[in-house]
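So the structure is just underneath, and the comments pick up after that.
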Amino acid sequence: MKPERRKWHERLKVTLWTLIVPPSVWAAHFLCTYLWAAISCAKAGRFAEFPTLFAVATLLALVVIALSGWIAWRQARTAGDPAPHDQGTDIDRLRFLAKSTLLLAGLSFVAVLFTALPVLFIGDCR
Amino acid sequence: MSLHDQDDPALRAAQEDRLRRVWEPPKGLFLRWSDTNNNQVGVWYVLTAFAFMLFAGVLALVMRTQLAVPENDLVDPGTFNQLFTLHGSVMMFLFAVPMFEAVSIILLPQLLGARDLPFPRLSAFGYWSFLLGGVFVSGSIFFDVAPDGGWFMYPPLTTRTDLSGLGADIWMLGLSFIEVSSVAAAVELIVGVLKCRPPGMRLNLMPLYAWYILVVAVMILFAFPPLIAGDVLFEMERLLDWPFFDASRGGDPLLWQHLFWIFGHPEVYIVFLPSIALFAMLVPTFARRHLLGYPWIVLAAVGTAFLSFGLWVHHMFATGLPKISLAFFSAASEAVAIPTGVQIFVFLVTLWAGRVVWSTPLLYAAGSLAIFVIGGLTGVMVAIAPFDWQAHDTYFVVAHLHYVLIGGTLMPLFAGLYYYWPLVTGKKLSDRLGKIAFWMIFVGTNLCFFPMHLSGLMGMPRRVFTYPEELELGGLNLASTIGSFIIAAGVAVIVLDLCRSPWRTKAPRNPWGAGTLEWLAHPQDENWGIRSIPLIESRYPIWDQDDFVRKVDEGRFFLPDAEENRRETIVTSVLDARPVSVIRLGGPSWLPMLTALALGGVFILTTYHFYWAALLSGVLTLALVLTWLWTGTAEIPEKPCKPIGHGIELPLYISGSAAPGWWAMFITMMADATAFSGLVFGYYFFWTRHENFVPAGMEGAPGLFWPMVALALGVASWLLTIAAREANGGGRIGLARTALLAGICASGAGVGAGLAGPWLSGLDPTAHSYPAIVWTLAIWTSLHAAVAVIMQAYALARSLFGRIDAHHDADIRNVTVYMHFFALTAVVAYATIGLFPEAA
């Protein structure tokens, strides 16, 4: 054990809860986007009035997903134990959860982009 | 006990005798139905779901016969409506979902090396609920009162009592009852996967089937409750004339469509993922190698689960929602193709990299993938809104969904049937009959459903009982009808194969040479599940661990005995499966069946408007549940710990988040909170639908005062329960009891205060959707306050009777979990109806 304090992202170990962070961010972004469009169309009759708010929310979602992906990517390469890393050791379990998180981060990143695209192309509530 | 003790054959025989006696099923014509062991309940469950599938299949054959030629008059339009409604509803609610639960109840304990699932009586309760509700709903067609509004029951056609009869109530109440049993199964399966794995089976060694089941059970928790919320609103409108879906009084039929499809689309994946999970078990067996890309399957399962909740509006593309909303759902619908594709590629790559042994189960698997991919591709087409506007409500959609469901659910289940039949019965099915049946079903499916793409594009609408000759659809429809009978003949061959099974000889143990735990099962099956609970070091222990089967059989692993003559299994930690405790499991009992009957009475009697009898049935249900809890749960063991072998000693009593009971309460309350959020969604949905949310004459109702009083009482009751838990843990029993008593008073007062707001401000729920939804939120929260009274009183009684003390506090901890959720419900509900600016 090293005497110095480990960096914050090393202390943040992936678990079953962190596994679902990227898709949860997608879900939150999706829900906000849907509600934002539905409420502004119903109440104001238009939605393009706050595109900055939408852009900020999308960017925030992408940053959080990328960050959790980055942490997962680092932990998915934790050194020690031989390949192919499918044994019941601490490191292999960590690598597995980290790799799954990384893959989910990739999927969630793409899915957030998918959700954001319509706003670029559709400008009104018809 | 040391390892070498197990060298003694006499000791082993004595252990086996004890295990056999403890796990012996009740015998006799009547007593056998009180069994709760997963081996028996699972088999009943599978057979019942299979029978419903055959029944719904016959309904489909009648429909196809009616449509074989133009202007046919085999059945009248009313009967035809009942046929397609019941066909869809039975296949979805009484076959696909229960079948996955049934298969999991059989397989999961075997896969996890557990003696049984953590709540065997809950499984039995779920089964009896399913049987009763299923017979009630299906039987209605023989009295010409079957539901006839389509499997999605769109209002206002179905909520107006002058347009639809008893069928709508039968659908709504009968299937609500089935939904209860699905949520019960979800609780059982989640806790089973998370807490009952064998020591050493960390998350990364878990069989992929268990991963899929975990994901699907969590999906059920979030998918079924919105439908339950919808059912509540629906029945309030039908029985009490509260206008949630009546546009003339401020309601909106689209609210039902939202709530139904928030359930309905995830539902498709709920029935698809567990079936595809069977592939994750049989593909490695026949490829003779480990499955490649284990984390990719987890990505696929978890990714699909999330995305599937962002698809529901693609069933509503033609309802006139803003195009931008449609586009979001269209985008998510395209995105879900990514994880779905990933898992198919994982299976293909594994087969490619392995040395494939061809077999009947693998034949079904390969065929179903081909059919599923065709359905998936048309799914990508209808996910594009402009195309969907052309295809909506035509036979193109019928073709799409049948390709998806037959390729993604039915045929994988047949693959599983041929693969796992030896596990359950000890006998193989006939390869020859299996292959004949496969080709009949494969050819029949394509002949039946491919022409429907064309008839749909040519303009044939869904759900019509006949069509004119001039449309020139006769040939295509005749082909579909011939195809449907070929499928039916194929299924008949499978049934024949099953019926001949009792006369066949036993197969050898592990006949496919598989590597996963479930194949430890012996053809001369013992009821105890597994001889000793193994230490897992690999994903395929039978292949990889030395002498694994012999060590299990000779009781050289954990818990090889039942010294105290109790049914037991090991509870482990969530991530790393470290042994935490030994829990005692419930044995045979009539309580699950009686509780299911009583609860069924509530739903069935309400259908026929026998409200007093229904209330009586409800009281009976409560009494039975309390008896069940009092006699069967959180029992204080005769000694604190027991050895499980290899020098490990585990506690016999645990409470809090390490205990299965705590998780069950937490999971149930997640479902409850989701249903509640469906109702809250309704409130804000109405707000978006109206220029003036609160209709004239109701401004300022229900006011601020009473909702805030009810909110304060709810929070006080919650804090008092937490105080009681803390005081009890600190050994100050008197203080704990006082706090509980004060909590009971606060919760009880909260019931009245919650209802006082809408009552005293004179809100008439039949006048408009606004008072109706305010009343609904108030009643929902008050009912929860009433349940809080019962829970707190239960904890108090347990304390008074010495069943709770400072160290044995499972009950009070579980009640506290309920109270966390109750406080959340009270805050959201009363803040909404009291503080929302346009209502305040």
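Below, read A as the first sequence line, B as the second, and so on, with proteins coming before strands; counting in each chain starts at 1.
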Is chain A contacted by the side chain of [X], its backbone, both, or neither, given a heavy-atom distance below 4.5 Å?
X: B:Ser538; result: neither
X: B:Val302; result: both
X: B:Leu535; result: neither
X: B:His690; result: backbone

Looking only at heavy atoms, what is the nearest atom pair of [X] and [Y], with distance?
X: B:Leu307; Y: A:Ala111; answer: CD2-CB, 4.0 Å
X: B:Phe306; Y: A:Ala27; answer: CD2-CB, 4.4 Å
X: A:Lys43; Y: B:Trp687; answer: NZ-O, 2.8 Å
X: A:Pro118; Y: B:Ala327; answer: CB-CB, 3.4 Å
X: A:Leu107; Y: B:Pro339; answer: CD1-CD, 3.8 Å

Please report the interatomic distance [atom1]([X]) to [atom2]([Y]), rounded to the nearest 0.5 Å.
X: B:Ser330; Y: A:Leu117; atom1: OG; atom2: CG; value: 11.0 Å
X: A:Asp86; Y: B:Tyr294; atom1: CG; atom2: OH; value: 10.0 Å
X: B:Ile297; Y: A:Leu103; atom1: CD1; atom2: CG; value: 11.5 Å
X: A:Ile122; Y: B:Ile324; atom1: CD1; atom2: CD1; value: 4.5 Å
X: A:Asp90; Y: B:Leu575; atom1: CG; atom2: CG; value: 10.5 Å
X: A:Tyr34; Y: B:Leu321; atom1: OH; atom2: CG; value: 6.5 Å

Exercise for the section: Inspect the contact between B:Arg202 and A:Asp92 and indicate whether a charged nitrogen and a carboxylate oxygen are less than 4.0 angstrom apart. Expected result: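 Result for this pair is no, no salt bridge flagged.
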Handout entry: When A:Leu113, A:Thr115, A:Thr33, A:Leu102 are compared by non-hydrogen pairs under 4.5 Å with chain B, the top option
Key =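 Ranked by heavy-atom pairs under 4.5 Å with chain B, first place is A:Thr33.
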Problem - Winner by heavy-atom pair count (cut-off under 4.5 Å) against chain B, out of A:Ile20, A:Leu35, A:Val110 - result: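 Option with the top pair count is A:Ile20.
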Handout entry: Sub-4.5 Å side-chain heavy-atom contact between A:Ile39 and B:Tyr684
Key =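 No, every pair of side-chain atoms sits at 4.5 Å or beyond.
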Practice task
Determine, using ring centers only, whether A:Trp36 and B:Phe328 are less than 6.0 Å apart.
Solution key: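 Not close enough - the centres of the two rings lie 6.0 Å or further apart.
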Practice task
Please find out if less than 6.0 Å separates the ring center of B:Phe329 from that of A:Phe30.
Solution key: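 Yes, they do, as the ring centres are separated by less than 6.0 Å.
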Problem - Which portion of A:Ser24 sits near chain B, non-hydrogen atoms under 4.5 angstrom - result: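 For A:Ser24, the contact with chain B is made by backbone and side chain together.
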Practice task
Let me know if A:Leu97 has heavy atoms under 4.5 Å from chain B in its side chain, its backbone, both or neither.
Solution key: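 Answer is side chain: those atoms of A:Leu97 sit under 4.5 Å from chain B.
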Exercise for the section: Heavy-atom pairs under 4.5 Å with chain A are the metric here; pick the option from B:Ile338, B:Leu203, B:Val574 that has the most. Expected result: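 Between B:Ile338, B:Leu203, B:Val574, the count favours B:Leu203.
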Handout entry: Residue among B:Gly320, B:Gly200, B:Pro295, B:Ala332 with most heavy-atom pairs under 4.5 Å to chain A
Key =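 Sorted descending by pairs with chain A, the first entry is B:Pro295.
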Practice task
Take atom CH2 of A:Trp73 as the centre, draw a 6.0 Å sphere, and report whether it contains more than 12 heavy atoms from other residues, nucleotides or ligands.
Solution key: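 It does not: A:Trp73 CH2 has 12 such atoms or fewer within range.
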Exercise for the section: For atom CH2 of B:Trp296, decide whether the heavy atoms of other residues, nucleotides or ligands shown that lie under 6.0 angstrom number more than 12. Expected result: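 Atom CH2 in B:Trp296 is not packed in, count stays at 12 or less.
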Handout entry: side chain to side chain contact (heavy atoms under 4.5 Å, CB included) assessment of B:Val298 paired with A:Phe96
Key = CA-CA 10 Å; B:Val298 175; A:Phe96 155 71; 3.8 Å; yes
Practice task
Using modelled atom types only, decide if a donor and an acceptor are shared between the side chain of B:Asn204 and the backbone of A:Gln87 within a distance under 3.5 Å.
Solution key: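 Such a contact is found between B:Asn204 side chain and A:Gln87 backbone.
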